[in-house]
Amino acid sequence: MTPGSTSETRAPARRSRAGALALRLTGRLAGGVFVLWAVATLTFFAIRLIPGDPAQAVLGGPGSQASEEALAAARAEYGLDQPILVQYLLQLGRLATGDFGSSYSLRTEVAPLLLSQLSGTLLLAGLSLAIAWLLALLVATWTTRGTRAAEWVGSGLEIVGAGLPHFWLATLVILVFSVGLGWLPPISTPGPLGLVLPVLTLAVPLAGFLGQVMRESLLDALDSPYALSARARGESETGVRLVHALRHAALPGISLSGWAFGYLISGAVVVETIFARPGLGRTLLNAVTLRDVPVVIGVVMIVALTYILVTVLTDLLGRIVDPTARA
Amino acid sequence: MSALEVEAVADRLATHRSAGPRHRFGFGEILAALFLLFVLVAAIAPALLSPTDPLAIDPGDAFSPPSLAQIFGTDESGRNIYSRVVHGAASSLVIGVSATVIGLGLGVLLGVVAGLGGRVVDFGVNRLLEVLFALPGLLLALFLIVVIGPGVVTTTLAVGISTAPGYARIIRAQLIAVRSSAYVEAATVQGRGRWWILRRHLLPNTLAPLLALGTLGVGQAIVWASALSFLGLGAVPPSPEWGAMLAAGRTYLSSAWWMSVFPGLFIVLTAVCATVLGRGVQRRTRQR
Amino acid sequence: MTDLLRVEGLRVAFGERDVVRGVDLRVGAGECLAIVGESGSGKSVTARALLGLTGGRVDADALALNGRSLLGLSERKWREIRGREIGLISQDALVSLDPFRPIGREIGDALRLHTRMSASARRGRVLETLAEVGLPDPALRFGQRSGDLSGGQRQRALIASAVVSRPPLIVADEPTTALDVTVQAQILDLLRSLTREGAGLVLISHDLAVVSAIADRIAVMSDGVIVEEGPTSRVLTSPVAEQTRALIAAVPFGRPRGSRLSAGGPAASAGPLTAPASSPTPALRATGLTKTFRLPGRDPLTAVADVSFELPAGTTLGLVGESGSGKSTTARLVLALTTPDAGEVQVEGRPWSALGESARGPHRRLMGAIYQDPLSSFDPRLSVRDILGDAIPRDIADGRTARLAEARRLLGTVGLDDGLLDRRPLHLSGGQRQRVSIARALAPRPRILICDEPVSALDVSVQATVLDLLDELQRELGLSYLFISHDLGVIQHVSDTVAVMEAGRIVETGPTEQLFREPRHPYTRRLLDSAPRLPV
């Protein structure tokens, strides 16, 4: 016997749903603040591991040949002459107020720079996630129709995810649609047309992964006793899917969306670089190449924050789709 | 970093279906194994498959399209791309395998510590994993490159470390499932001690999926390492590493497509074959 | 001829396998036909074939509802029949109703699909039906989900979803199997009232005793064919087919302790077992056991409250109760898998639960355990040989060959062939698994066996052989059993003494015969009244 398996009186014992959701939300946000603190701490001490003068490290490492004035300015800005604990607290304080310092390579404040780059990347990631979801749902629905061809395609979905890394798919779509057919620009121009190839590149492999998972859970749902009951009530196969099965099948897809977001951000670094599209990913790559530490830390913090928000959102969404989930 | 999270979810979904008919090695798995064998031979004894020097320059023969003599064509310096792809197998494979070993090693360590270490340790490891998950794959790798500096060793380390949280989560979940299983309880009733149970039940059952995970992981690790090389942060041209070759070909994409396509094809085929084979191994492990 | 349902020569095949091989059925309006058989007999497939939901290849010489042939109907036509002409009630309402949707909408779906009723008219009809199936407070229930309801309530809701559009024929596939006996009795009453209102009922069950309460006619199914069919009283009192006789013989209720349930094998030594008076100390003594579970966000749950009992050496104590009564927690306390909050367990007069695990470890071999689901209690990587080898202590057999010989001996003891040594449990049948689990429990030569629902997941015929085996072993080895079950029939058959548990407490204890003849506690009386049994 598991404790609590008696359910005669469960209904009154249940907390109101809104209250439970609010509690859950608070808990998740508190957890998010902890993660942000941990990321800030981790990056702070990791940067100290860069050998040599920390002022030099902040300004691009030993090879950067930063001027003496720049080094002095960096020492003053980051309090590098202070004890390390003081530096750490100063850094935390700055990050908490959204002050990410200034980029030596671009000679500008980091925070406004990243904010201006953020929207393009979020648009790219958000659009790709939506399209990947749509594709995954369609493919999952179609490949569970029971025909041989559908089975075959369904079992190959994972290959799509694993076999189309972004840098490869981007190369292919440029070859086909730009070089070969000349339909779309190989470089992401502003406007909707320039988004097509980048979004395609990001969405298709993700749809492979999501589709595979949704297909599995859709098969489960179609095989379930409640689906049998629905059929026995006279529900059509389409009805069984729309009314019952898709809702169950969406659940693991939703819980994967946090991961999917991370996957898209990783992909954005590659895709923005290949399609020469301005955004957080390309800014990050340039900063990494030049060892522009303030920019790198800024991107890391922003991505971590966004990731946390996305996971909180998907968690809430999951709870709306599955009202039986417990707090 | 790789598709490990998908892995974990799909795994949970698929387990109850595992009692089906015994799995046979299919046509696809045999093809996959053959291709991986080719890559392995290329890595160990490239001269066997391609006698030409991958670094030999022949400016008079630059940008030749694929032909019978040079089946993958030549690059901007007239180097034979087939030969470069074959000779590049070693570095790609070494990076992929080493990164997977690092990732799996760290993952197993974290997962086992979390699963066995009691509530406080488990809580701590879980928070650590949460933090690492907030830095999605490539981001963590890029950050490590900032700290250590670019290069092949960094790439390997970065890919390894950024896959570790995914492995750790799978191992931990597996360990907890085994720990609370009825057969561990039955062993307790028989009067078996903790160490005996650990040795006889917990570790073997927790680590049973490692072979499959490793096979799947090598494919993904090669892809991510190639991505870093492609971005100019891993192996650098003219070394015949697949990602670096792909990056070098990018400049000439519109005129010499073969420079990008063939190295890319090898990355992708390796990943796909590893996935197909890994899945096969996984089904067999489950069905015993 | 006023047959509501007429089936002739129904055949269902999946690939090469013929699962149903020529079944004839007739059901009249207001009549209940029960199809009884063991798992794999094809009874559930037959039930689904009546709704055109089997998959596989189905054909028949005749399949007619109210004189209208259902053979060769298009899927579209079938959908008009399902839910309107034939309703289906299946086993576990927790999963047979969509757990994400309010039950009101689940029930209303049949109306949405088959009528042009407005949403509010549908709601009215659903509320009406909820009241008819005996769910109190329909308006509240309408918005709840299956997980919010108790087992009995949600089974009523599932029935409501099958009958809401008043189909003339109802197919019920094991409708009470997941339920406690008291709830089962209520649900059977409800099904009976449906037939009184004129519906025809096809009741599928593995349990002859359950269907005997409401069936007008019984059809016994075995290996895809109906081996016997007739009025209930005739089938039960003068069965013709061998399979029917075996089914009846396997029912443990009312069969005295020590009598054999399965055919074949040596006859049991005559007469009831008399406890060997050798040891005055009880094998097991529990005093004032209490265990409370505290889970975050929930009220603390006292699973076991002040439970005391004694198990005299060489006898069986039957612990009976419904789900959630605390009997499994009691088993875990006795096995020292959980520590009691209060109270103590003593084994052979010595402290047990009070010891630390390191002090108790060496003595654990005194006590073995067998479980409801033996498969999950085996490490899936290990073969039978390894499972038994692990369980044999070194002082009984040391070294490879000695252990192998001992493993063979153990298999012999539980009546298994040693050809099974290299099999993994996954590839054994349910009965074989439970025998291996008994062999494992016996390996260290224990004096006490804790049996936690050991036969609940087995077919009655297999259950009979396992119960007979346990009985033999007890005689030969002088074992003491703490036997836990929800099944009064099994408890009555195996126990010398019975303890009845309700809500964590033992409400009545007594010698089996006396307790069954003159129950004192109202709860015991209620259990006994609800327990399905064959008319004598």
Side-chain angles (χ1 to χ4, degrees), chain A residues 1-17 19-21 23-24 27 145-146 217 220-251 254 317-327, chain C residues 48 51 53 75-76 78-84 86-101 105-106 109-110 113-114 140 144-154 158 161-162 164-165 171 292-299 301 303 323-329 503:
Chain A
M1 192 207 73
T2 47
S5 67
T6 44
S7 46
E8 289 291 340
T9 53
R10 188 180 292 169
R14 245 173 104 107
R15 273 200 225 94
S16 82
R17 261 187 89 197
L21 277 185
L23 198 71
R24 174 99 185 163
R145 280 284 168 184
S217 55
D220 268 2
L222 290 172
D223 222 19
S224 67
Y226 59 81
L228 176 70
S229 299
R231 291 187 190 105
R233 254 175 245 140
E235 191 78 81
S236 64
E237 278 308 299
T238 314
V240 170
R241 277 154 210 267
L242 290 180
V243 179
H244 305 276
L246 279 178
R247 187 167 174 188
H248 290 260
L251 214 50
I254 291 173
L317 192 63
R319 255 139 229 285
I320 289 167
V321 171
D322 176 5
T324 63
R326 291 174 173 281
Chain C
R48 289 185 194 185
L51 289 115
L53 281 174
E75 178 62 22
R76 209 187 158 76
W78 261 121
R79 291 208 293 269
E80 286 169 17
I81 305 278
R82 294 179 202 139
R84 193 172 66 176
I86 309 177
L88 174 72
I89 302 166
S90 35
Q91 182 173 344
D92 186 357
L94 181 61
V95 285
S96 287
L97 291 166
D98 190 337
F100 290 179
R101 298 179 79 220
R105 303 195 52 185
E106 285 282 282
D109 270 356
L113 292 162
H114 297 297
L140 168 70
Q144 289 183 324
R145 297 178 176 80
S146 61
D148 300 332
L149 305 177
S150 71
Q153 288 169 342
R154 55 177 169 250
L158 183 63
S161 82
V164 67
S165 56
V171 177
T292 304
F293 292 102
R294 283 164 223 285
L295 291 176
R298 296 249 208 129
D299 297 333
L301 178 86
S323 59
S325 61
K327 42 189 202 308
S328 284
T329 306

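Please read these numbers as outputs of a predicted model, since none were measured by experiment.
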Handout entry: Check: R247(A) and R101(C) side chains under 4.5 Å, non-hydrogen atoms
Key = yes
Fill in the blank from the handout: In terms of heavy-atom pairs under 4.5 Å with chain A, the winner among G83(C), S96(C), A93(C), A110(C) is S96(C)
Exercise for the section: Write down the atom of F100(C), the atom of V321(A), and the distance for their closest heavy-atom approach. Expected result: CD1-O, 3.6 Å
Handout entry: Atom group of S90(C) that falls short of 4.5 Å from chain A, counting heavy atoms
Key = side chain
Exercise for the section: Would you mind telling me which of V95(C), I89(C), L158(C), L97(C) makes a side chain to side chain contact (heavy atoms under 4.5 Å, CB included) with S229(A)? Expected result: L158(C)
Handout entry: H114(C) side chain vs R233(A) backbone, donor-acceptor pair below 3.5 Å
Key = yes
Handout entry: Side chain, backbone, both or neither of E106(C) within contact of chain A (heavy atoms, under 4.5 Å)
Key = both
Exercise for the section: Please indicate whether R105(C) has more than 12 foreign heavy atoms, meaning atoms of other residues, nucleotides or ligands, lying under 6.0 Å from its CZ. Expected result: no
Handout entry: Non-hydrogen atoms of R145(C) and P323(A) that approach each other most closely
Key = NE-CG, 3.2 Å
Handout entry: R48(C) versus chain A, the contacting section by heavy-atom distance below 4.5 Å
Key = side chain
Fill in the blank from the handout: One option among D98(C), L113(C), L88(C) has the most heavy-atom pairs under 4.5 Å with chain A, and it is D98(C)
Practice task
Measure S236(A) against the heavy atoms of chain C and call it side chain, backbone, both or neither at under 4.5 Å.
Solution key: both
